[in-house]
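First up is the structure itself, then whatever we jot down about it.
Note that the coordinates shown come from a computational prediction; the quantities given were computed from them, not determined experimentally.
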Amino acid sequence: ATTMEPVGGGGGGASSAAERYRAEAARAFQHYLDRAAPHTAGRWAGTLLAAAVYALRVYYVQGFYVVSYGLGIYLLNLLIGFLSPMVDPELEALDQAGPALPTRGNDEFKPFIRRLPEFKFWYAITKAFCVAFVMTFFSVFDVPVFWPILLCYWIVLFVLTMKRQILHMVKYKYVPFSMGKQLPVSLVLLGAVRQSE
């Protein structure tokens, strides 16, 4: 009896080997990413280095201003996610239905939980600089523009966006940065009164 062999049998082995190598590379990358997680200062130093290399590349070639503008808009979007709370207090106030338990706003401490955690914020910024750097080697992305107009537009956009974010922080009384141990406002005021006596 003759057995029929599948046509193109060697292709399946090559694709499974490629999948295996891709899975191993992804696992190794995730391992090094996990090891980098506790080293905040080192991670951000590496990101600053990547940003400096990108800035030098753009300065050297005198081009890719549209790529830089897109990078700036993306970074501004990431910054807003980093400064925003996980649950928007404005939406939370609208969703509250029925009577709520009475609370004293001054004594209540709610920890600030970011919409975009610091590690994901760092990773997205670093990846954005690396992708933008690679894009500077392809002339198709070098669109001729008058870069001072893009810069002015980005600065106006940054100022308006940050003004709106700061007004949101003031309105809902949250601070996206923690400096040391958080204390209720009443204890802070009591300590200030005792020091003045």
Side-chain angles (χ1 to χ4, degrees), residues 29 32-33 36-95 105 109-182 185 188:
F29 179 72
Y32 288 114
L33 206 58
H39 307 289
T40 308
R43 286 189 284 114
W44 283 103
T47 302
L48 286 175
L49 180 66
V53 167
Y54 174 75
L56 285 173
R57 169 75 180 154
V58 169
Y59 178 75
Y60 176 72
V61 297
Q62 294 292 308
F64 298 97
Y65 301 120
V66 171
V67 172
S68 299
Y69 178 72
L71 176 65
I73 295 293
Y74 181 69
L75 295 180
L76 181 60
N77 188 30
L78 290 175
L79 181 64
I80 293 303
F82 181 69
L83 296 177
S84 300
M86 174 81 75
V87 178
D88 191 351
E90 201 165 14
L91 296 175
E92 194 176 50
L94 292 175
D95 286 345
F109 170 66
K110 291 182 181 178
F112 183 79
I113 301 172
R114 301 177 188 287
R115 186 170 10 134
L116 182 64
E118 182 271 335
F119 185 79
K120 289 184 179 179
F121 179 58
W122 164 80
Y123 181 67
I125 287 178
T126 307
K127 191 165 64 170
F129 274 113
C130 292
V131 169
F133 180 74
V134 170
M135 288 173 75
T136 62
F137 290 96
F138 298 96
S139 60
V140 69
F141 298 115
D142 191 9
V143 180
V145 291
F146 186 59
W147 67 266
I149 295 217
L150 285 181
L151 181 62
C152 289
Y153 185 66
W154 185 85
I155 289 172
V156 168
L157 193 62
F158 177 81
V159 168
L160 292 176
T161 305
M162 291 311 294
K163 179 183 174 188
R164 190 182 68 203
Q165 185 67 29
I166 290 169
L167 289 175
H168 192 266
M169 289 180 204
V170 170
K171 182 178 180 182
Y172 293 102
K173 300 178 179 73
Y174 67 90
V175 179
F177 304 104
S178 61
M179 305 295 180
K181 185 177 178 183
Q182 297 289 328
V185 174
V188 173

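Put simply, the side chain of Thr136 gets close to the backbone of Phe133: a donor and an acceptor are under 3.5 Å apart. Judged purely by atom type and a 3.5 angstrom limit, Arg43 uses its side chain to pair as donor or acceptor with the backbone of Ala36. Panel note: side chain Arg115, backbone Gly81; no donor-acceptor pair is recorded below 3.5 Å.
What you find for Leu71 and Ala132 is that their closest heavy atoms are CD2-CB, 4.1 Å. Here the closest non-hydrogen pair linking Gln62 and Tyr59 is NE2-O, 2.6 Å. When all heavy atoms of Ile80 and Met162 are compared, the closest pair comes out as CD1-SD, 4.1 Å. The shortest non-hydrogen separation linking Val143 to Val140 is CG2-O, 4.3 Å.
Contact annotation: the side chain of Val145 never approaches that of Tyr69 to less than 4.5 Å [non-hydrogen atoms, C-beta and beyond]. Put simply, the side chain of Trp122 does not reach to within 4.5 Å of the side chain of Thr40, judged on heavy atoms. In this structure, the side chains of Leu75 and Phe129 come closer than 4.5 Å at one or more pairs of heavy atoms. Using a 4.5 Å heavy-atom threshold, the side chains of Leu78 and Phe82 count as separate.
Using the six-membered ring where Trp is involved, His168 and Tyr172 have ring planes that are tilted, between 30° and 60° apart.
To the nearest 0.5 Å, the span separating CE on Met169 from OG on Ser84 amounts to 7.0 Å. Taken from CH2 in Trp147 to SG in Cys152, the straight-line distance is 8.5 Å, to the nearest 0.5 Å. One distance of note links CG of Leu76 with OG1 of Thr161; it measures 4.5 Å at 0.5 Å rounding. Taken from CD1 in Ile125 to CG in Leu48, the straight-line distance is 9.5 Å, to the nearest 0.5 Å.
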Can you list the steps and then say if Leu151 with Tyr65 is a side-chain contact (heavy atoms from CB on, under 4.5 Å)? CA-CA 9 Å; Leu151 181 62; Tyr65 301 120; over 6 Å; no
Evaluate the ring-ring contact (aromatic ring centres under 6.0 Å, His included) criterion for residues Trp44 and Phe121: first the C-alpha distance (whole Å), next the side-chain angles of each, then the deciding distance (0.1 Å), finally the verdict. CA-CA 11 Å; Trp44 283 103; Phe121 179 58; 5.7 Å; yes
Determine, step by step, whether Val67 and Tyr54 satisfy the side-chain contact (heavy atoms from CB on, under 4.5 Å) criterion, reporting the C-alpha distance in whole Å, the side-chain angles of both residues, the deciding distance to 0.1 Å, and the verdict. CA-CA 11 Å; Val67 172; Tyr54 174 75; 3.6 Å; yes
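Other residues, nucleotides and ligands contribute more than 12 heavy atoms inside 6.0 Å of the CH2 atom of Trp154. Surrounding CD1 of Ile149 are at most 12 heavy atoms belonging to other residues, nucleotides or ligands under 6.0 Å away. Taking a 6.0 Å sphere around CZ of Phe137, one finds it holds more than 12 heavy atoms contributed by other residues, nucleotides or ligands. More than 12 heavy atoms of other shown residues, nucleotides or ligands fall within 6.0 angstrom of atom CZ in Phe119.
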